[in-house]
4 protein chains.
Amino acid sequence: MRYGLVGANGKMGVEIQSYFSSLGDLCVLRKDRGVLEEIERPQVIIDFSSPDAVFETVELCRKYSCGLVIGTTALTEEHFSRLKELSEHVPVVQSYNFSTGIAILKRIIKEYASYFEDWDAAMVEIHHNQKKDAPSGTAKMLKQALGREIPISSIRVGGIFGEHTLIFSNSGETVEITHRALSRRAFVIGVRNAALFVLGKEKGFFSYDDVLESAQAR
Amino acid sequence: MRYGLVGANGKMGVEIQSYFSSLGDLCVLRKDRGVLEEIERPQVIIDFSSPDAVFETVELCRKYSCGLVIGTTALTEEHFSRLKELSEHVPVVQSYNFSTGIAILKRIIKEYASYFEDWDAAMVEIHHNQKKDAPSGTAKMLKQALGREIPISSIRVGGIFGEHTLIFSNSGETVEITHRALSRRAFVIGVRNAALFVLGKEKGFFSYDDVLESAQAR
Amino acid sequence: MRYGLVGANGKMGVEIQSYFSSLGDLCVLRKDRGVLEEIERPQVIIDFSSPDAVFETVELCRKYSCGLVIGTTALTEEHFSRLKELSEHVPVVQSYNFSTGIAILKRIIKEYASYFEDWDAAMVEIHHNQKKDAPSGTAKMLKQALGREIPISSIRVGGIFGEHTLIFSNSGETVEITHRALSRRAFVIGVRNAALFVLGKEKGFFSYDDVLESAQAR
Amino acid sequence: MRYGLVGANGKMGVEIQSYFSSLGDLCVLRKDRGVLEEIERPQVIIDFSSPDAVFETVELCRKYSCGLVIGTTALTEEHFSRLKELSEHVPVVQSYNFSTGIAILKRIIKEYASYFEDWDAAMVEIHHNQKKDAPSGTAKMLKQALGREIPISSIRVGGIFGEHTLIFSNSGETVEITHRALSRRAFVIGVRNAALFVLGKEKGFFSYDDVLESAQAR
């Protein structure tokens with residue numbers, strides 16, 4: 001795959017290049033803090049940068065008629081409307097979380113919520129001590145998938161990358177489902193899945209759930 | 001519910017009476033080691049005894065035209081054929097494991113096996129030091145639900161009632177699903193679900209999976 | 001061992017008799033809700049009843065010149081002063097928690113607190129949904145052993161008997177120590193250790209920590 | 001701290017420089033694959049390279065009269081004898097595992113082995129699927145600290161950096177102690193502790209256990 005990368009020097013950008021090149025992909029367009037390096041036409045552009053960069057990224061996709069995978073956070077209504085415009089011409093995958101494991105968990109929880117209706121439930125999420133928000137966005141998303149109010153315990157210690165445990169218990173048994181992100185690699189794998197997905201689409205606005213489903217259909 | 005109980009003095013028998021009576025059910029027929037006590041017509045008979053008792057249990061169900069929930073282990077072909085004959089007249093639920101949590105897990109694993117196709121997988125099952133067989137029957141059943149060969153680590157220590165963990169891991173993340181039976185109560189709850197299920201059926205041969213599905217359909 | 005039992009029909013009383021008799025011990029004095037049954041002189045009296053019963057238990061110990069193991073909770077100053085008087089004549093072991101595992105954990109945490117000084121720490125304690133107080137008394141005791149303020153997450157779900165996890169984490173690694181009580185058996189084993197300890201003492205007021213230490217010295 | 005680094009471009013070398021410089025330390029001597037860069041006299045030299053490099057590293061320490069922290073694996077008798085000679089002049093810390101958590105665990109297990117004498121014990125260690133040896137060297141070391149034969153389950157899945165769990169269980173309770181290395185950072189912190197330790201010593205041959213003890217004595 002020949003790909004372009006916006007936010008090439010950010011933490012995610014560095015990891016993406018390392019993982020993609022280990023699989024033979026070529027980074028043919030690179031942009032960071034306004035500096036743009038164009039080597040060749042990319043088949044897909046990946047953007048993990050800041051909201052300010054989004055409009056220029058959209059222009060690059062139009063210029064090269066290539067799809068977009070965007071994981072930049074804190075997007076506004078205006079960003080979304082521009083991304084949706086773009087998706088009428090090329091495929092766009094937008095998500096705030098590219099972890100495949102979390103996407104699977106969300107599906108399981110949603111689908112099996114009714115099976116655990118009679119069970120008590122609680123969540124524990126553990127992250128490093130630099131994380132500001134609590135509960136985590138992922139915890140909120142999983143609670144929403146479950147569809148009922150449950151207590152969430154947020155623990156902030158040391159360097160734990162990201163751990164979410166959903167506990168179900170009745171008077172005789174417990175079921176615990178734990179997801180643990182080992183490193184940024186958890187998300188980078190998902191980004192590549194999304195990039196491959198984009199290569200096979202003509203146009204449209206997609207979430208990471210669509211990428212997951214498509215991988216299943218194959 | 002007015003129920004009959006074969007194997008009334010066994011470990012499961014004692015737990016069943018304790019749990020059922022806490023919910024207002026009445027034990028109106030009791031049998032153990034050949035001694036039969038008939039107080040009233042039961043709506044359903046529950047049998048957690050030994051294979052020798054099965055034929056007499058079948059006769060009791062015929063006599064009272066009532067359904068059967070049977071968790072007796074080590075049944076032979078002959079036992080099954082007699083139970084199936086009986087199920088042409090009354091509803092029969094037969095299972096070697098009445099844990100709701102395990103039944104749910106089996107479903108999840110079967111349904112999501114393809115999602116974890118690219119992930120490594122392994123199982124750890126921990127039981128008390130009196131358990132003879134390894135891996136446990138439940139571990140084998142869960143592996144079959146997953147549909148691929150995975151290593152199973154069996155640990156036998158102390159008094160742990162029964163714990164099964166399925167680990168999935170790729171290079172960036174892990175998902176662990178753990179079921180823990182806290183006590184015989186795990187199974188007794190399932191037995192009662194099965195008895196209630198039987199009350200609503202006319203006839204037929206059912207597994208605990210059918211009981212689980214029916215609870216969902218409601 | 002020939003032992004007496006106050007609170008013989010309580011949950012702990014029933015478990016104590018079941019476990020002690022499985023090891024060949026004889027219950028030769030039994031008391032519950034004022035009804036006293038005296039068969040023979042006990043070597044030690046065990047009291048898991050209510051504070052009201054304590055003074056009569058003290059009299060029984062004096063009458064038979066036998067030691068006491070007492071796990072009754074909610075004792076007042078007056079109870080303690082009577083128990084200490086008694087301990088000038090016979091050995092008395094008093095504790096609110098007879099779990100050997102918790103006693104070991106408390107020692108480890110106290111002794112190794114300084115090793116984890118630079119690490120973040122947090123505790124998670126999980127109990128059944130009938131438990132009223134949070135955090136648990138055991139969680140508070142473990143925090144005190146650690147000697148610093150740490151966040152404690154209390155989770156109340158289903159039928160979990162009692163689980164305490166202490167998490168230490170720095171930027172590169174984590175250490176988790178988990179204690180899980182599987183059933184009342186966790187405490188009954190400790191009660192028997194305490195009863196055996198009493199048989200070997202002349203007099204004195206002891207905690208379960210003393211029983212644990214004495215077992216080590218052997 | 002001004003430090004020298006042998007194996008500067010290796011995985012550990014890169015991590016060491018990143019962590020040390022984040023704390024204001026200066027790398028003033030750098031060596032990799034025979035290429036030596038000497039900027040200034042180092043206060044301590046750190047070697048995470050290959051056994052071939054050891055003799056030259058010893059010469060560098062003699063030249064600068066500075067201490068050594070060495071984590072290079074697969075050392076032979078001859079390497080050890082040269083390191084011990086060196087340690088008559090300067091302080092040398094040699095270890096195959098610089099994780100503080102593992103060093104603490106080893107101490108706890110050794111000291112509390114007798115407390116768990118009556119409990120069943122087992123170990124589970126989980127590592128990424130690239131790890132060749134099983135059980136891990138750390139698992140063997142922890143078993144030796146416990147001083148008795150126990151079953152070790154080795155699981156090799158995905159990208160798990162390194163996880164060791166020691167399980168103790170009797171008929172009523174369980175105690176589980178888990179160490180999880182989150183990344184190479186687990187070892188880099190220990191390397192820096194060892195370097196600081198070396199600065200305060202005149203000479204001698206030390207293990208990481210000595211570094212840990214010294215940190216406690218402060």
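Lettering of chains follows the sequences in order, A, B, ..., and the numbering in each one begins at 1.
Neither the backbone nor the side chain of T165(D) comes within contact range of chain C; no heavy atoms are under 4.5 Å apart. In this structure, chain C has heavy atoms under 4.5 Å from both the backbone and the side chain of Y115(D). Both the backbone and the side chain of N170(D) have a heavy atom closer than 4.5 Å to some heavy atom of chain C. For I177(D), the parts lying near chain C are the backbone and the side chain together; criterion is any non-hydrogen pair under 4.5 Å. Within the 4.5 angstrom heavy-atom criterion, atoms from both the backbone and the side chain of R107(D) approach chain C. Only the side chain of I189(C) comes within less than 4.5 Å of a heavy atom in chain D; its backbone stays farther off. Contacts between E111(D) and chain C at a heavy-atom distance below 4.5 Å involve the side chain alone, from C-beta outward. With a threshold of 4.5 angstrom between heavy atoms, L166(D) does not approach chain C through any atom at all.
Within a 6.0 Å sphere centred on CD of Q144(D), other residues, nucleotides and ligands contribute 12 heavy atoms or fewer. By the neighbour-count criterion of 12 heavy atoms within 6.0 Å, atom NZ of K131(C) is densely surrounded, having more than that number from other residues, nucleotides or ligands. Other residues, nucleotides and ligands contribute at most 12 non-hydrogen atoms within 6.0 Å of the CD atom of E117(D).
Comparing R180(C), R184(C), R185(C) by heavy-atom pairs within less than 4.5 Å of chain D, the highest count is held by R180(C). With chain D as the partner, the residue from H164(C), E163(C), E176(C) showing the most heavy-atom pairs under 4.5 Å is E176(C). Interface summary for chain C: among L105(D), T174(D), V175(D), L212(D), the most heavy-atom pairs under 4.5 angstrom belong to T174(D).
Among all heavy-atom pairs drawn from A186(D) and G172(C), the shortest one is CB-O, 3.2 Å. Between E173(D) and I102(C) the shortest heavy-atom distance is OE1-N, 4.1 Å. When all heavy atoms of S169(C) and L182(D) are compared, the closest pair comes out as OG-CD1, 4.4 Å.
For the pair F168(C) and I104(D), the minimum side-chain heavy-atom distance is 4.5 Å or more.
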